[in-house]
Amino acid sequence: MAVSGTAEVNARVVTALKRCGVDLAAFAGDGLTARTPVTGAALFDLRAHGPEEVDEVVDAAHRAFLAWRTVPAPVRGLLVKRFGALLTEHRADLAALVTAEAGKIESESLGEVQEMVDVCDFAVGLSRQLYGRTMPSERPEHRLMETWHPLGVVGVISAFNFPVAVWAWNAAVALVCGDTVVWKPSELTPLTALACAALLDRAAAECGAPPRLNQVLLGGADTGARLVDSPLVPLVSATGSTRMGREVGPQVAARFGRSLLELGGNNAVVVAPSADLDLVVNAAVFAAAGTAGQRCTSLRRVIAHEDVVDEVADRLAAAFRTLPVGDPFQDGTLVGPLVRGAAHDAMRAAAERAVARGGVVLAGGGRELVDAAPEAYYIRPAVLRMPEQSAVVLEETFAPLLYVLSYQDFAEAVALQNGVPHGLSAGVFTRDQAEAERFLAADGADCGIVNVNIGTSGAEIGGAFGGEKETGGGRESGSDAWRAYMRRATNTVNFSGRVALAQGVDFSR
Ligand code: UN1
């Protein structure tokens with residue numbers, strides 16, 4: 001099978017960027033090389049922002065915030081509405097950039113753009129629903145209420161695997177909340193970021209919004225670290241590895257900032273004996289091999305009842321053996337390349353450790369298309385049968401590597417599911433309603449996302465997204481996640497003409 005040539009990918013990228021309004025020449029320079037995992041080759045050399053430039057960008061964002069915060073929220077919503085329309089118009093361009101830089105297949109890239117459009121719709125509605133509560137005051141002729149105000153500059157650090165949707169979850173909500181955004185995208189996906197930012201700038205200009213509501217910082221970890229340390233950034237929303245979160249969280253906390261962390265996952269599904277196994281296999285194949293296993297929600301563990309585990313493992317292995325692995329630009333491909341060689345190294349090392357602990361490789365794990373694309377990393381997703389949940393299974397390996405474990409009773413399955421450091425996403429496949437409820441209950445799965453008869457990945461934007469334990473505890477996107485992007489003021493208003501102290505305190509003179 002052939003793979004698109006670098007020149008071809010390059011041409012698609014140039015066209016898409018131009019259509020989105022990016023003047024690539026303005027970003028040319030040193031410090032950051034945009035690459036494509038489709039061929040593994042370099043595309044463009046970009047000028048990276050050094051850490052010393054961060055302060056100027058943050059200052060500008062703060063000045064923009066001072067103007068933006070007094071614009072009525074429903075008017076702020078109009079900007080996000082226009083932005084959503086531009087994203088829809090440039091769906092194909094943005095998806096091409098996502099495929100070129102992150103290696104996702106077309107359908108998943110379009111899905112990611114759709115996720116941006118969806119969250120814009122959500123945020124537009126939200127712009128009329130930033131509700132505070134009123135509470136009965138214990139004092140006569142007093143009113144007690146809360147008001148939600150804009151917070152300030154939100155620093156967004158995003159990962160390569162969702163190069164635009166996760167930024168949009170943050171940016172669309174932050175903008176209607178009256179905040180401004182400084183975005184440090186992954187070094188692996190700078191071009192998609194520039195395209196989104198150009199479209200947002202265009203929407204802002206058309207709506208008469210202040211300039212620099214959203215700015216992109218291209219650069220490495222030192223640039224990100226400066227953003228994280230900026231006192232004018234009250235909220236840092238960071239998506240990435242648990243290792244990254246372990247640095248960002250304490251750094252932000254040290255200056256009493258807020259952080260919203262969306263870190264790793266080691267997601268599992270429990271397959272009960274009553275489960276519909278067709279459903280299990282179809283759901284698990286997408287969850288484990290979709291996005292080449294590079295979602296934080298990717299399925300990493302199948303915990304199947306001993307009566308069905310052999311059949312589940314065999315059927316998964318058979319499915320993995322025939323998955324179309326290849327050029328993500330080509331119709332019919334379901335598994336694109338890994339983003340870089342390091343992901344392949346990590347996958348191989350994990351598989352070796354698993355085998356050393358009694359694991360059996362049932363399918364996959366090998367490199368493909370080496371002749372067609374020697375610098376790219378096309379890997380056949382792997383299924384391993386494990387005798388127990390050994391140390392390597394407890395770790396997140398960011399690659400299409402699926403471990404199959406067995407259980408005897410349901411409590412054991414829940415304990416295995418919960419027995420990892422992360423707490424992002426879990427699912428149970430069962431036709432037994434009581435079992436499903438037990439999985440969802442307080443002593444059931446300990447994750448931020450818990451599903452029944454659905455895999456671990458592919459959440460809708462309407463819910464709050466995030467997880468517990470080493471996943472970091474943050475919640476983004478839908479439901480009431482917006483509250484993290486605002487400050488709450490509790491207001492007590494006295495219209496009695498007298499001083500009345502709470503708790504019945506008497507201080508009369
Ligand atoms: C991520 O991998 O960082 O639920 C986000 C999902 C997507 C988002 C994943 N909607 O898989």
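Whatever order the structure lists ligands and atoms in, that order sets their numbers, starting from 1.
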> For Arg367, what residues pass the side chain to side chain donor-acceptor pair (under 3.5 Å) criterion, not counting sequence neighbours?
Replying inline: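 Partners of Arg367 by the side chain to side chain donor-acceptor pair (under 3.5 Å) criterion come out as none, since no residue qualifies.
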>> Restricting to side chain to side chain donor-acceptor pair (under 3.5 Å), what partner residues turn up for Thr430, sequence neighbours left out?
In response: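 Applying side chain to side chain donor-acceptor pair (under 3.5 Å) to Thr430 gives Ser274, Glu435.
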Determine all donor-acceptor pairs shorter than 3.5 Å in which one atom belongs to a side chain in residues 336-354; sequence neighbours excluded.
unit_1, atom_1, unit_2, atom_2, d
Arg353, NH1, Glu395, OE1, 3.0
Arg353, NH1, Glu395, OE2, 3.4
Arg353, NH2, Glu395, OE2, 3.0

>> Could you check whether atom CD of Glu106 has more than 12 heavy atoms from other residues, nucleotides or ligands sitting under 6.0 Å from it?
In response: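 It does not: Glu106 CD has 12 such atoms or fewer within range.
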>> Assess whether a salt bridge exists between Glu108 and Arg295, defined as any Lys/Arg side-chain N lying under 4.0 Å from an Asp/Glu carboxylate O.
In response: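 Yes, Glu108 and Arg295 are salt-bridged.
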>> Can you classify the ring geometry of Trp169 versus Phe465 as parallel (below 30°), tilted (30 to 60°) or perpendicular (above 60°)?
In response: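 The rings of Trp169 and Phe465 sit tilted, inter-plane angle from 30° to 60°.
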What short N/O contacts, under 3.5 Å, does ligand 1 make with the protein, listed by atom pair and distance?
unit_1, atom_1, unit_2, atom_2, d
ligand 1, 2 (O), Asn161, ND2, 3.1
ligand 1, 2 (O), Cys296, N, 2.8
ligand 1, 3 (O), Glu262, OE1, 3.4
ligand 1, 4 (O), Gly458, N, 3.2
ligand 1, 4 (O), Ala459, N, 2.7
ligand 1, 10 (N), Glu115, OE1, 3.4
ligand 1, 10 (N), Glu115, OE2, 3.0
ligand 1, 10 (N), Ala459, O, 3.3
ligand 1, 11 (O), Arg295, NH1, 2.9
ligand 1, 11 (O), Thr297, OG1, 2.6
ligand 1, 11 (O), Gly458, N, 2.8

